[in-house]
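Values reported hereafter were calculated over all heavy atoms of this structure, with side chains retained and with hydrogens, waters and symmetry mates removed. On a predicted model such as this, the values are computed, not experimentally measured, just so you know.
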Amino acid sequence: MSKVSIIMPIYNVAEQLEKAIQCALKQTYTNIEIILVDDGSTDGSGALCDQYRLKDSRIIVIHQKNAGSGFARNAGLDQATGEYIYFADPDDYFEANLIEETVAKATESNADIVVFGYFDEVVDKEGKVTTTEKLPKLIGRLEQESFRDNFRDHYALSPYALWNKLFNYAFLKQHDCRFTDQKVGQDALFNQRAGFDATTIYYQPKAYYHYVFREGSAVNRYRKERFFYEYTIANQFEEWMVYWKKAEKYHDLVNQHYWGALYLELSNLAWEDCPLTGPEKEEHIEALMENPKIKQAISEIETEKEKNTFVKILILLLRYEKYAAAIKVMQLRVTVGKKFQKSFKAIKKKFG
């Protein structure tokens, strides 16, 4: 009976944390260790972890200075003794049979990674919950070449989420899959790195995880290095496709990544705490558009196939060098608030 390490990075989520820990404890698969990494919480989350450690010997608690969720997961990996690794977020929850059924598939298929479905739960400000089930397009065991040939279908289901995947730990160690010090998007970089050399993927067409998005809870603020973070993700994605010798086949996905980096930077400039003036923002976008990768992506995206009118307008404005107008359109979108928050969530999930 293979051991599974459930790793949970924790930072100031005391209100939701207990439910997440209980989900781990109630797993029908009992050969588990639950590694709770308190990343310098100041709201009592760390104390709650310690309370649970006293109740159940399967719980291991690590306290560290705040270093970000990536380094918190690395700390968990350093402590882990399981043959399989599962990363859960502390503000979501998951079904009791998640570990049992995914480990069974991993074992019988000898998979490096098991990908499974999830429930996308949106909680509005009045507490109303809207749930959508998301399942993999692919089913069963895919070996390396088939995985690469069918990558577009893999990419369709939250490719950069950690919580809808079970990882073989020996595989992660063999290919030095670790989290970087990047503060945003480290989960995307990790998933990309794991994908480089994955030889066997198993797709389980069943939802176990509940990804919860609470409207109004997101803290949106300006990040000076935001574009660098997103560009790094896009650049590594391109390197990944080149490594596979699939850069031509998935050229449109490469373009989407570079476009996503620019899109998220436009939204970054729209936050109220952005210190740049209007002319400085315009100059900044103009400079980014000089990047050959960004320029190529904007020029090649087929706007006639774009279903989102807002996105289509934004691309056309950038293509015709109407940078001030593009910035104003994004700022207007931000003021929409609730609708923007949903669309930003969707694109953020896609691009990491």
Side-chain angles (χ1 to χ4, degrees), residues 1-10 16-38 45 48-64 69 72-119 136 140-141 161-179 187 190-191 194 198-211:
M1 191 179 189
S2 299
K3 188 175 184 179
V4 179
S5 300
I6 300 174
I7 298 174
M8 198 178 295
I10 295 161
Q16 294 88 28
L17 178 58
E18 196 159 8
K19 184 174 183 178
I21 295 175
Q22 288 177 351
C23 284
L25 290 172
K26 291 176 181 178
Q27 289 299 298
T28 55
Y29 191 88
T30 56
N31 191 17
I32 60 174
E33 62 181 5
I34 303 164
I35 304 174
L36 307 177
V37 186
D38 169 31
S45 294
L48 188 59
C49 291
D50 290 333
Q51 290 173 24
Y52 270 94
R53 175 173 53 185
L54 297 174
K55 296 177 182 178
D56 197 305
S57 61
R58 295 175 298 173
I59 292 181
I60 299 166
V61 178
I62 300 170
H63 294 284
Q64 65 178 33
S69 60
R73 293 188 182 104
N74 282 343
L77 286 170
D78 291 338
Q79 187 73 39
T81 59
E83 285 100 319
Y84 293 98
I85 300 292
Y86 179 62
F87 297 105
D89 283 351
D91 50 355
D92 298 325
Y93 65 103
F94 44 100
E95 299 295 317
N97 57 349
L98 184 156
I99 299 298
E100 180 178 8
E101 295 191 5
T102 57
V103 167
K105 296 302 181 183
T107 303
E108 71 181 41
S109 65
N110 195 30
D112 298 322
I113 306 169
V114 176
V115 179
F116 48 89
Y118 63 94
F119 299 100
R141 186 178 189 267
L162 293 166
W163 31 256
N164 71 331
K165 299 173 184 72
L166 181 79
F167 296 93
N168 181 302
Y169 196 16
F171 163 77
L172 294 181
K173 288 188 282 190
Q174 179 185 354
H175 297 287
D176 195 28
C177 296
R178 302 276 291 181
F179 293 89
D187 45 355
F190 181 91
N191 271 294
T199 58
T200 307
I201 312 285
Y202 189 92
Y203 294 89
Q204 170 74 333
K206 187 172 179 179
Y208 300 100
Y209 195 84
H210 295 256
Y211 173 71

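For the pair Ala72 and Pro9, the tightest heavy-atom approach, listed with the atom from each and the gap, is CB-CB, 3.8 Å. Closest approach of Ile85 and Ala80 over heavy atoms only: CD1-CB, 3.8 Å. Heavy-atom minimum distance, Ile113 versus Ala198: CD1-CB, 4.3 Å. When every heavy atom of Arg53 is checked against every heavy atom of Asp50, the shortest pair comes out as NH2-OD1, 2.8 Å. When all heavy atoms are compared, the tightest approach of Tyr202 to Glu108 is OH-OE2, 4.3 Å. Nearest heavy atom pair, residue Gln27 against residue Ile99, reads OE1-N, 3.0 Å.
With Tyr29 contributing its side chain and Ser2 its backbone, the two residues share a donor-acceptor pair below 3.5 Å. Asn191 contributes a side-chain N or O that, together with a main-chain N or O of Ala161, makes up a donor-acceptor pair within less than 3.5 Å. Formation of a donor-acceptor pair under 3.5 Å by the Arg58 side chain with backbone atoms of Leu25 is found in this model.
Tyr211 and Tyr118 have perpendicular rings, their planes meeting at more than 60° on a 0 to 90° scale where under 30° would count as parallel. Using cut-offs of 30° and 60° for the angle between ring planes, the Phe179 and Phe190 rings count as parallel.
A heavy-atom distance below 4.5 Å is found between the side chains of Leu77 and Phe87. Contact check for Ile34 versus Leu36: side-chain heavy atoms found under the 4.5 Å cut-off. Under the 4.5 Å side-chain criterion, counting only non-hydrogen atoms from C-beta, Ile21 is in contact with Ile59. Here the side chains of Tyr84 and Asn168 are in contact, with some heavy-atom distance below 4.5 Å.
The side-chain hydrogen bond (donor to acceptor under 3.5 Å, both in side chains) test applied to Tyr203 returns His154, not counting sequence neighbours. Listed by chain and number, the residues in a side-chain hydrogen bond (donor to acceptor under 3.5 Å, both in side chains) with Lys105 amount to none (sequence neighbours excluded).
Glu18 contributes atom CD, which lies 11.0 Å from atom OG of Ser45 (distance to the nearest 0.5 angstrom). The distance from atom SG of Cys49 to atom CG of Leu54, rounded to the nearest 0.5 Å, is 11.5 Å. Tyr86 contributes atom OH, which lies 8.5 Å from atom CE of Met8 (distance to the nearest 0.5 angstrom).
With respect to Arg73, the salt bridge (Lys or Arg N to Asp or Glu O under 4.0 Å) criterion is satisfied by exactly one of Asp78, Asp89, Asp187: Asp89. With respect to Tyr208, the side-chain hydrogen bond (donor to acceptor under 3.5 Å, both in side chains) criterion is satisfied by exactly one of Glu100, Glu101, Glu95: Glu101. When Ile32, Leu166, Asn31 are each tested for a side-chain contact (heavy atoms from CB on, under 4.5 Å) with Val103, only one passes: Leu166. Screening Gln79, Glu83, Glu33 for a side-chain hydrogen bond (donor to acceptor under 3.5 Å, both in side chains) with Ser5, the sole residue that qualifies is Glu33.
Using modelled atom types and a 3.5 Å distance limit, the side chains of Tyr93 and Gln16 yield no donor-acceptor pair. At a cut-off of 3.5 Å, with distance as the only test, no side-chain donor of Thr28 or Asn97 sits close to an acceptor on the other residue.
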Leu98 and Phe116: side chain to side chain contact (heavy atoms under 4.5 Å, CB included), yes or no, with the steps?
CA-CA 9 Å; Leu98 184 156; Phe116 48 89; 3.9 Å; yes

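For the pair Lys165 and Phe167, the cation-pi criterion (under 6.0 Å, within 45° of the ring axis) is not fulfilled.
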